[in-house]
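In each ligand, atom 1 is the first atom listed, and ligand 1 is the first ligand listed. It should be emphasised that the depicted structure is a prediction, and the values quoted were computed from it without experimental measurement. Excluded from the calculations below are hydrogen atoms, water molecules and symmetry mates; all remaining heavy atoms, backbone and side chain alike, are included.
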Amino acid sequence: MGLLVDGKWTDKWYDTKSTGGKFVRSQAQFRNWITPDGRAGASGVGGFTPDSGRYHLYVSYACPWAHRTLIFRALKGLEAHISVSAVHPDMLTEGWTFERDEDGATGDTLYGLPFAHSLYTKADPAYSGRVTVPVLWDKERETIVSNESSEIIRMFNSAFDGLTGNHLDFWPEAERAEIEEVNQRIYDTVNNGVYKSGFATTQAAYDAAVYPLFDTLEWLEARLSNQRYLMGDHITEADWRLFTTLIRFDPVYHLHFKCNRKRLVDYPNLWAYTRELYQVPGVAETVNMPHIVGHYHRSHASINPHAIVPINPILDYDAPHGREPL
Ligand SMILES: N[C@@H](CCC(=O)N[C@@H](CS)C(=O)NCC(=O)O)C(=O)O
């Protein structure tokens with residue numbers, strides 16, 4: 001685990017000293033957009049047109065943020081148009097690597113680079129900052145289009161529709177304000193909340209994260225008791241953003257990140273909702289439990305110094321969800 005400083009890799013854990021023990025996530029730095037006509041999007045520069053075969057997605061199957069992009073790639077019919085490389089689940093002194101000695105770790109199928117940080121310095125030799133996945137790569141300009149998952153899924157949601165003819169819309173215009181509100185709370189207290197709990201290095205920082213996390217889970221449990229999805233009767237990006245945290249909850253966050261007031265399976269609605277989303281055609285193939293469980297337990301030496309991977313409960317994500325009547 002480390003970061004790049006002026007293009008040089010430095011092995012360093014998150015700095016929580018300067019923030020009173022709190023984990024503060026840094027902002028993604030590559031923020032261009034693929035748009036239907038290649039015009040610049042909300043940030044960054046233009047010229048990224050939605051061409052088949054032009055883009056490559058670098059992911060970790062372990063990572064909930066990268067997982068979102070894999071789900072959108074599958075559901076939006078982009079698998080034939082956007083290729084993928086998956087890093088090795090263990091993130092150690094060199095950060096994410098392209099080692100291949102684990103099922104599902106593909107190596108860098110584009111350039112054969114050794115590390116994810118090599119990819120960042122290929123895009124910007126003087127890059128300073130964290131080296132995160134997902135990365136959406138442009139093979140034509142040989143640079144990073146975006147390393148911000150929330151924006152990559154919005155590109156996938158609509159920019160390629162002309163090419164694929166797939167018009168499924170997970171970010172409907174009329175609902176954007178409400179989706180944003182729900183996303184905000186879920187991002188802060190659940191998606192990032194589990195990390196803030198797990199990476200806290202003081203009791204106060206942990207407490208400040210873990211109570212709001214369970215308050216939000218209670219709120220979600222109630223919301224999902226009388227409606228099928230977060231926005232009502234249809235799936236939106238808000239559901240997929242929540243799903244990638246929920247699917248990791250009992251195998252990882254409950255124990256490893258000390259999010260243990262309750263388990264996911266203790267919430268009947270949230271648990272059935274998670275199974276329903278898992279069972280959407282194309283989604284199960286994006287879930288790689290050995291990478292998920294192996295990554296967290298072997299990559300965070302300050303939390304789990306002996307890197308022992310726990311046996312975990314056996315969960316049946318294929319069990320009937322029973323949410324049809326809602
Ligand atoms: N804002 C980014 C966050 C991505 C992120 O933090 N990914 C984690 C893996 S789950 C990572 O690569 N961390 C490496 C690091 O922080 O050094 C996004 O949502 O795309």
Side-chain angles (χ1 to χ4, degrees), residues 1-5 8-16 19 22-33 43-44 57-73 85-98 105 115-121 123 127-137 144-156 183-184 186-188 190-199 237-238 240-245 247-249 251-253 256-257 286-288 291-303:
M1 166 75 114
L3 76 175
L4 284 166
V5 179
K8 295 248 162 351
W9 181 254
T10 329
D11 182 22
K12 210 170 124 197
W13 187 248
Y14 295 120
D15 171 23
T16 54
T19 54
K22 284 199 202 114
F23 166 67
V24 179
R25 188 174 292 282
S26 40
Q27 292 293 315
Q29 296 186 43
F30 295 93
R31 307 294 283 269
N32 304 298
W33 290 77
S43 52
L57 190 59
Y58 287 93
V59 299
S60 159
Y61 285 112
C63 170
W65 320 100
H67 193 177
R68 301 167 165 179
T69 65
L70 280 174
I71 291 173
F72 272 71
R73 173 175 172 266
S85 294
V87 297
H88 191 280
D90 297 0
M91 194 187 64
L92 304 169
T93 52
E94 292 286 345
W96 295 113
T97 76
F98 291 113
F115 309 119
H117 67 72
S118 331
L119 191 70
Y120 274 68
T121 48
Y127 178 82
S128 290
R130 305 219 68 90
V131 171
T132 57
V133 287
V135 165
L136 182 60
W137 183 266
I144 297 174
V145 180
S146 175
N147 65 340
E148 176 47 52
S149 63
S150 60
E151 294 173 1
I152 297 172
I153 63 174
R154 288 191 180 164
M155 297 176 213
F156 287 3
N183 279 349
Q184 264 314 317
I186 293 176
Y187 171 78
D188 186 42
V190 180
N191 303 137
N192 203 30
V194 294
Y195 281 90
K196 289 192 287 188
S197 302
F199 287 153
E237 66 161 39
W240 294 121
R241 290 170 47 125
L242 176 58
F243 170 76
T244 66
T245 298
I247 195 92
R248 287 162 177 73
F249 203 86
V252 175
Y253 303 142
H256 183 68
F257 277 175
T286 66
V287 178
N288 183 324
H291 278 228
I292 292 173
V293 175
H295 161 70
Y296 286 91
H297 294 95
R298 292 195 301 259
S299 302
H300 303 149
S302 61
I303 303 177

Find all atoms of ligand 1 within a distance of less than 4.0 Å from any non-hydrogen atom belonging to [X], and give their numbers and elements.
| X | result |
| --- | --- |
| Pro64 | 10 (S) |
| Tyr14 | 15 (C), 16 (O) |
| Cys63 | 7 (N), 9 (C), 10 (S) |
| Trp96 | 9 (C), 11 (C), 12 (O), 14 (C) |
| Ser149 | 18 (C), 19 (O), 20 (O) |

Kindly say whether the aromatic ring centers of Phe72 and Phe156 come within a distance under 6.0 Å. no

Please indicate whether any nitrogen or oxygen in [X] is less than 3.5 Å from any nitrogen or oxygen in ligand 1.
| X | value |
| --- | --- |
| Tyr195 | no |
| Thr132 | no |
| Val133 | yes |
| Arg25 | yes |
| Asn147 | yes |

Which residue holds the protein heavy atom closest to atom 2 (C) of ligand 1, what is that atom called, and what is the gap in Å? Glu148 OE1, 3.7 Å

Options Ile153, Val135, Val131, Asn191, ranked by nearest heavy atom to atom 14 (C) of ligand 1, top entry: Val131

